[in-house]
Amino acid sequence: MKRPLFLPLLPALALALSHPAAAQRPATPAAAAAPTAWTDHTRALPDKLRRVPVGLSLWHTPNPNYPEPDSARPGGYVWKHQTTVRADVADLEIVECGSFIWYSAAGWQPNMRETPAEFAELFGCPDGRLRQGQPYTFARNYRYADSARRLYGGDALWYILAKDKQGRLYKGMGLIETEADVNGAAVVGR
């Protein structure tokens, strides 16, 4: 099997992003035991995202992202970032929002998936309808670790699928890099 050129750039560890339903439990690579989402290892994208035209911009800030001590959970850490999306081609209706993680040689694996209603709540987007050119932000898209030993870096590929009034499907994607070093410095005692 041919190895894609980007493979050495992808981490061996996962990013398991927390969202409100999972905010109380720290995410780990072991929690992401899911079916393979990336069957063609000669292509960069998971199957679900291939051959769908880009029609949304999606980005994370800050990126790369570093953990910091979590004042709400002594001994814990939090990666604080936000995720923003904008419909570029037309007014669009959300079909689904989710992410894939990379934590082993198996490649991209499904991580989380939000319904249109969940997306609408998290991104402050009434009825899951994106107005062209209007940014919508998930301001507290945080990931948590309950101790320094649970800090690990990785990448997650967030995606949004949405359709226009004619039913054409579009995608938006954004990679977030999370690091294990607190504020860019190695954690002692890990």
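Numbering starts at 1 and runs along the sequence shown.
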Asker: Any heavy-atom pair between the side chains of Glu96 and Arg113 that's under 4.5 Å?
Answerer: yes

Asker: Determine whether the aromatic ring centres of Phe100 and Tyr159 lie less than 6.0 Å apart.
Answerer: yes

Asker: Under the criterion salt bridge (charged side-chain N to carboxylate O under 4.0 Å, His left out), which of Arg73, Lys80, Arg143 is the partner of Glu68?
Answerer: Lys80

Asker: How close do Ala180 and Gly153 get, heavy atom to heavy atom, and via which atoms?
Answerer: CB-N, 3.6 Å

Asker: Are Val52 and Leu175 grouped together when hydrophobic residues (ILVMFWY) are joined by side-chain heavy atoms under 4.5 angstrom apart?
Answerer: yes

Asker: To the nearest 0.5 Å, how far apart are OG1 in Thr83 and CZ in Arg140?
Answerer: 13.0 Å

Asker: Could you report the tightest heavy-atom contact between Ala37 and Pro110, atom names first, then the distance?
Answerer: CB-CD, 3.7 Å

Asker: So do Tyr170 and Val54 actually touch side chain to side chain, heavy atoms under 4.5 Å?
Answerer: no

Asker: Could you point out which residue of Leu49, Leu92, Leu56 forms a side chain to side chain contact (heavy atoms under 4.5 Å, CB included) with Leu161?
Answerer: Leu49

Asker: Taking side chain as C-beta onward, heavy atoms only, is Leu122 less than 4.5 Å from Glu114?
Answerer: yes

Asker: Taking the side chain as every heavy atom from C-beta outward, state whether Glu177 and Asn63 have any pair of such atoms under 4.5 Å apart.
Answerer: yes

Asker: Would a distance-only check, ignoring hydrogens and angles, find a side-chain to backbone donor-acceptor pair under 3.5 Å from Gln132 to Asp88?
Answerer: yes

Asker: Decide whether Asp40 and Thr42 meet the rule of one side-chain donor and one side-chain acceptor closer than 3.5 Å.
Answerer: yes

Asker: Less than 4.5 Å apart, side chain to side chain, heavy atoms only: is that true for Phe138 and Cys97?
Answerer: no

Asker: His60 side chain to Gly174 main-chain N or O, any donor-acceptor pair under 3.5 Å?
Answerer: yes

Asker: Drop me the distance from Gln82's CD to Asn141's CG, to the nearest 0.5 angstrom.
Answerer: 9.5 Å

Asker: Is it the case that the side chains of Thr178 and Asn65 hold a donor-acceptor pair, with the cut-off being a distance below 3.5 Å and no angle test?
Answerer: no

Asker: Do Lys163 side-chain atoms and Glu93 backbone N/O form a donor-acceptor pair below 3.5 Å?
Answerer: no

Asker: Nearest 0.5 Å please: distance from the OH atom of Tyr136 over to the SG atom of Cys125.
Answerer: 5.0 Å

Asker: If you round to the nearest 0.5 Å, how far is CD of Gln134 from CZ of Arg129?
Answerer: 15.5 Å

Asker: So, for Leu130 and Ala87, which heavy atoms are closest and what is the spacing to 0.1 Å?
Answerer: CB-CB, 3.9 Å

Asker: Above 12 or not: heavy atoms from other molecules or residues under 6.0 Å from NZ of Lys48?
Answerer: yes

Asker: When you compare the side chain of Ile160 with that of Ile94, does any pair of heavy atoms fall below 4.5 Å?
Answerer: yes

Asker: Output the distance between atom CH2 (Trp158) and atom CG (Asn111), rounded to the nearest 0.5 Å.
Answerer: 8.5 Å

Asker: Could you check whether any side-chain N or O of Asp181 sits under 3.5 Å from a backbone N or O of Tyr66, counting only pairs where one atom can act as donor and the other as acceptor?
Answerer: no

Asker: If you count every heavy atom of other residues, nucleotides or ligands that lies below 6.0 Å from Arg131 atom CZ, does the total exceed 12?
Answerer: no

Asker: Atom CG of Asp146 and atom CG of Leu151: how far apart are they, to the nearest 0.5 Å?
Answerer: 9.5 Å

Asker: Is there a donor-acceptor pair under 3.5 Å between the side chain of Trp108 and the backbone N or O of Leu157?
Answerer: no

Asker: So does Ala90 get a backbone contact from the side chain of Asp164, meaning a donor-acceptor N/O pair under 3.5 Å?
Answerer: no

Asker: Which is it for Trp38 and Gln109 under the side-chain contact (heavy atoms from CB on, under 4.5 Å) test, yes or no, and what are the steps along the way?
Answerer: CA-CA 7 Å; Trp38 181 55; Gln109 300 294 312; over 6 Å; no

Asker: Over 60° means perpendicular and under 30° means parallel, so classify the ring planes of Tyr152 and Trp79, tilted if in between.
Answerer: tilted

Asker: With hydrophobic residues grouped by side-chain heavy-atom distances under 4.5 Å, do Val95 and Leu45 end up in a single group?
Answerer: yes

Asker: For the residue pair Gly124 and Pro126, what are the closest heavy atoms and their distance?
Answerer: O-CD, 3.5 Å

